[in-house]
Amino acid sequence: MSHITAEETVLRLAVGLFGAAPSRSVHDAYVAELAKGVTAVALAEALVASDAFAALYPPTLSDAEFAARFVASLLPAENAPWQALAAAWLRALIDDGASRAQAAWQAIGVLLDAVPAELTLARQQFINRLEVASAYVQANGSAATLAAMRAVLAEVGSDRAGVDQAIVRITRAPNDAWTLMIYIAADNDLERFAIDDLNELEALRLPQGVDIVVLVDRSPRYDQRQGDWSDTRIGVIRPDDDPENLGTELQSVGEWNSGSAATLTGFIDWVVRHQPAENYGLVLWGHGRGVTGVVVDNSSGNDWLTPVELRQAIDASLLSRFAFVGFDTCLMAGVETLAALAGRADVVLASQEEEPGEGWNYTRWLAQAFADGQADARELAMTGIAAYRAEYAGRRDLTLSALDVEGYGALLAALEGFARAAQSATAQDWRLLQAARRMAPDFDGDRLVDLVAVTNALGWASAPIAEAARRLGEAAAAVVIDHSAMMANTHGLSVWWPEQRPVNGVGPYTPEIIDLVGTAAWRDYLVAYWNHSWG
């Protein structure tokens, strides 16, 4: 079915609506209407309002009989395998309250009038649209969001990837309440902790509807347990009472670079296809270096997943947004992490400071989070903090923060406002800025600083800077849902602000990071700060 001519369209409309070919005079009149630019849908809408349509499809026909008769007339014999799918969709329109006449012209509109200007539709694209429509019917049982479905159908081409993406977008009837993806990048010196954490995951007895899927990338160097495999494997965690040996069967996918955006995208897509859920969480497990990146793969040239690549990985996947994103890593509770996930996650759980190698206790955390059988993203993050405090009770050098990604827009505006206010700083202001920066807790050497702590110390600056600092501190505090309060004068959110200029100019604040953050004002402020430092 490579081309549907005006004549063929008229024939199908007539046969589909009235069960017979039209007379020559009627045929010519229909073709003339199409030649004037009237679409097949508009023509069909007029026809189904006629008495002839009501006579042809009397009320005594069941919905199933009507749908089968109409679709069989509308679609050519070569598409017989798809007639059942189209009939199911037509019945869904009726079940959702459409009249038979309305359902008929809607079906014609979707199936025939895909390109109104030309009345043409490639055969494979036509079949793809039927497949996607069928997936919609099976997932929803009705056409309650027909407009949304048609918008999805408009994007479906003749390639398989387009069909897959469309089906994932409209099939939202999952069996699971939560699927938590844990991306374990252990192709480095953290490998032994990965094996321990897998056993912690297997010790869980989570409620039905909560599943954990892992990607594990191991190293050939650091740990010989569990068969000493060193490739990359994926699997759904299965409960196991053995604290030493893994019972979960992980499927090898070869040697993947866990520092690559393509690998993270592939993992997300695998999970979405195999473990669909109402809510998705993602935990990135491994090393973290703030603005520089997160998770590193030693076997792939020490490749890091940069904040820009993290965003790209999610954008390229079948899943556009996570309810929860956690970083079982060091140094990722920063403004730049929020920038990477803005519009792509609801809640983030991450640490300002470095973490112990043992990281999170997954048994303690997730057993507590789902103790009542269910949890939302905020509860997942807050129980993570409570479990972390309990795991490392007595430590005063650790941090963990729950962050509201939705607040990034206001935070960015306040950050930009502070940077611009500093353009009018006096010599005294610069001395106060240096003192405030030196007194505030910092991390990763002196590269990251607690944003609330530093702005709290600027009340004595000139009025424009003091007011901008107050607003910035408030915006930063508003982003923090909760934090561990295990380290003095930390408030849950960091920003990249080295005390001294990096040897390579602006360090990792590349044009790509500036674009990610959404403003060059902060980079410009830092340059001015360094120019006035230690003078």
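In this structure, Glu191 contributes its side chain and Arg218 its backbone to no donor-acceptor pair below 3.5 Å.
Under the 30°/60° scheme for interplanar angles, the aromatic rings of Tyr280 and Phe322 are found to stand perpendicular. Under the 30°/60° scheme for interplanar angles, the aromatic rings of Trp497 and Tyr529 are found to stand perpendicular.
Within 6.0 Å of the CZ atom in Arg471, the count of heavy atoms belonging to other residues, nucleotides or ligands does not exceed 12. Heavy atoms from other residues, nucleotides or ligands lying under 6.0 Å from CD of Gln374 number 12 at most. More than 12 heavy atoms of other residues, nucleotides or ligands sit less than 6.0 Å from atom CZ of Arg389. For Trp460, the CH2 atom counts as loosely surrounded, since its 6.0 Å shell holds 12 or fewer non-hydrogen atoms of other residues, nucleotides or ligands.
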Would Asp217 and Trp256 count as a side-chain hydrogen bond (donor to acceptor under 3.5 Å, both in side chains) if you check the C-alpha gap in whole Å, the side-chain angles of each, and the deciding distance to 0.1 Å? CA-CA 7 Å; Asp217 186 25; Trp256 286 4; over 6 Å; no

Could you go through the side chain to side chain contact (heavy atoms under 4.5 Å, CB included) check for Asp346 and Val405 one step at a time? CA-CA 5 Å; Asp346 296 332; Val405 185; over 6 Å; no

Go through the steps to decide whether Val495 and Glu336 satisfy the test side chain to side chain contact (heavy atoms under 4.5 Å, CB included), and finish with yes or no. CA-CA 7 Å; Val495 69; Glu336 298 78 13; 3.8 Å; yes

Could you walk me through whether Asp231 and Ser252 pass side-chain hydrogen bond (donor to acceptor under 3.5 Å, both in side chains), step by step? CA-CA 7 Å; Asp231 54 354; Ser252 175; 2.5 Å; yes

CA sep, side-chain torsions, deciding dist, call: Asp228, Arg221, salt bridge (charged side-chain N to carboxylate O under 4.0 Å, His left out): CA-CA 9 Å; Asp228 197 23; Arg221 296 180 54 192; over 6 Å; no

Applying side-chain hydrogen bond (donor to acceptor under 3.5 Å, both in side chains), run through Trp360 and Glu355 and close with a yes or a no. CA-CA 9 Å; Trp360 301 349; Glu355 283 192 357; 2.9 Å; yes

Side chain to side chain contact (heavy atoms under 4.5 Å, CB included) between Leu180 and Val210: does it pass, once the steps are laid out? CA-CA 8 Å; Leu180 186 61; Val210 179; over 6 Å; no

Step by step, would you call Arg344 with Asp315 a salt bridge (charged side-chain N to carboxylate O under 4.0 Å, His left out)? CA-CA 8 Å; Arg344 294 152 182 85; Asp315 288 350; 2.7 Å; yes

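Note that OG1 of Thr490 is 11.0 Å distant from CG of Asp397, once rounded to the nearest 0.5 Å. Expressed to the nearest 0.5 Å, how far OG1 of Thr179 lies from CD1 of Ile268 amounts to 13.0 Å. Within the model, atoms CG of Leu264 and CD of Gln312 stand 11.5 Å from one another, a figure rounded to the nearest 0.5 Å. The line from CE of Met382 to CG of Asp482 is 4.5 Å long, rounded to the nearest 0.5 Å. Separation of atoms OG1 (Thr383) and CG (Leu366) is listed at 7.5 Å; rounding is to 0.5 Å. Atom CD of Glu379 is separated from atom CZ of Phe370 by 9.0 Å, given to the nearest 0.5 angstrom.
Of all heavy-atom pairs between Gly286 and Leu190, the closest is C-CD1, 3.5 Å. The two residues Ile237 and Thr248 make their nearest non-hydrogen contact at CA-OG1, 3.7 Å. Annotation for Ile465 and Phe418: closest pair CG2-CE1, 4.2 Å, computed over non-hydrogen atoms. Scanning all heavy atoms of the two residues, the minimum distance from Pro441 to Asn489 falls at CG-O, 3.2 Å. Between Val296 and Ser258, the closest heavy-atom pair is O-OG, 4.3 Å. Of all non-hydrogen atoms in Ala475 and Ala410, the two that sit nearest each other are CB-O, 4.1 Å.
Side-chain contact between His483 and Leu403 is absent, with no heavy atoms from C-beta onward closer than 4.5 Å. The shortest distance between side-chain heavy atoms of Glu200 and Trp365 does not fall below 4.5 Å. A 4.5 Å side-chain heavy-atom check between Phe267 and Val213 finds at least one atom pair inside the cut-off. You'll find the side chain of Trp229 reaches within 4.5 Å of the side chain of Leu250, heavy atoms only. Using a 4.5 Å heavy-atom threshold, the side chains of Leu451 and Val335 count as touching. By the 4.5 Å heavy-atom criterion applied to side chains, Phe324 and Leu349 are counted as neighbours. Within the 4.5 Å cutoff, the side chain of Leu493 has no heavy atoms near those of the Val452 side chain.
Side-chain contact annotation: Thr399 with Ser351, donor-acceptor N/O pair under 3.5 Å present. Asn245 and Asp242 are linked by a side-chain donor-acceptor pair at a separation below 3.5 angstrom, with hydrogens and angles left out of the test. Between the side chains of Thr519 and Glu416, a donor-acceptor pair is found at a separation under 3.5 Å. Counting only N and O atoms by type, the side chains of Asp187 and Ser299 include a donor and acceptor under 3.5 Å apart. Checked by atom type, the side-chain pair Asp197/Trp285 shows a donor-acceptor distance below 3.5 Å. Side-chain contact check for Asn257 and Asp303: at least one donor-acceptor pair (N or O, by modelled atom type) lies under 3.5 Å. Counting only N and O atoms by type, the side chains of Ser494 and Gln352 include a donor and acceptor under 3.5 Å apart.
A salt bridge links Arg437 to Asp442: at least one charged side-chain nitrogen sits closer than 4.0 Å to a carboxylate oxygen. Salt-bridge check for Arg378 with Asp376: failed, with every basic side-chain N at 4.0 Å or more from each acidic carboxylate O. We find that Asp429 and Arg431 are not joined by a salt bridge, their nearest charged nitrogen and carboxylate oxygen being 4.0 Å or further apart. Salt bridge status for Arg205 with Asp241: present, with a side-chain N to carboxylate O gap under 4.0 Å. No salt bridge links Arg238 with Glu202; every basic N to acidic carboxylate O contact stays at or beyond 4.0 Å.
Every residue two or more places apart in sequence or in another chain that forms a salt bridge (Lys or Arg N to Asp or Glu O under 4.0 Å) with Glu406 is listed here: Arg321. With sequence neighbours left out, Glu474 forms a salt bridge (Lys or Arg N to Asp or Glu O under 4.0 Å) with Arg470.
Exactly one of Thr263, Val283, Val214 qualifies for a side-chain contact (heavy atoms from CB on, under 4.5 Å) with Tyr183. That residue is Thr263.
Legend: ring-ring contact (aromatic ring centres under 6.0 Å, His included) pairs involving residues 392-412, not counting sequence neighbours, sorted by first then second residue: Tyr388-Tyr392.
Ring to ring, Tyr509 and Trp496 are close: their centroids are under 6.0 angstrom apart. Aromatic ring centroids of Tyr525 and Trp522 lie under 6.0 Å apart.
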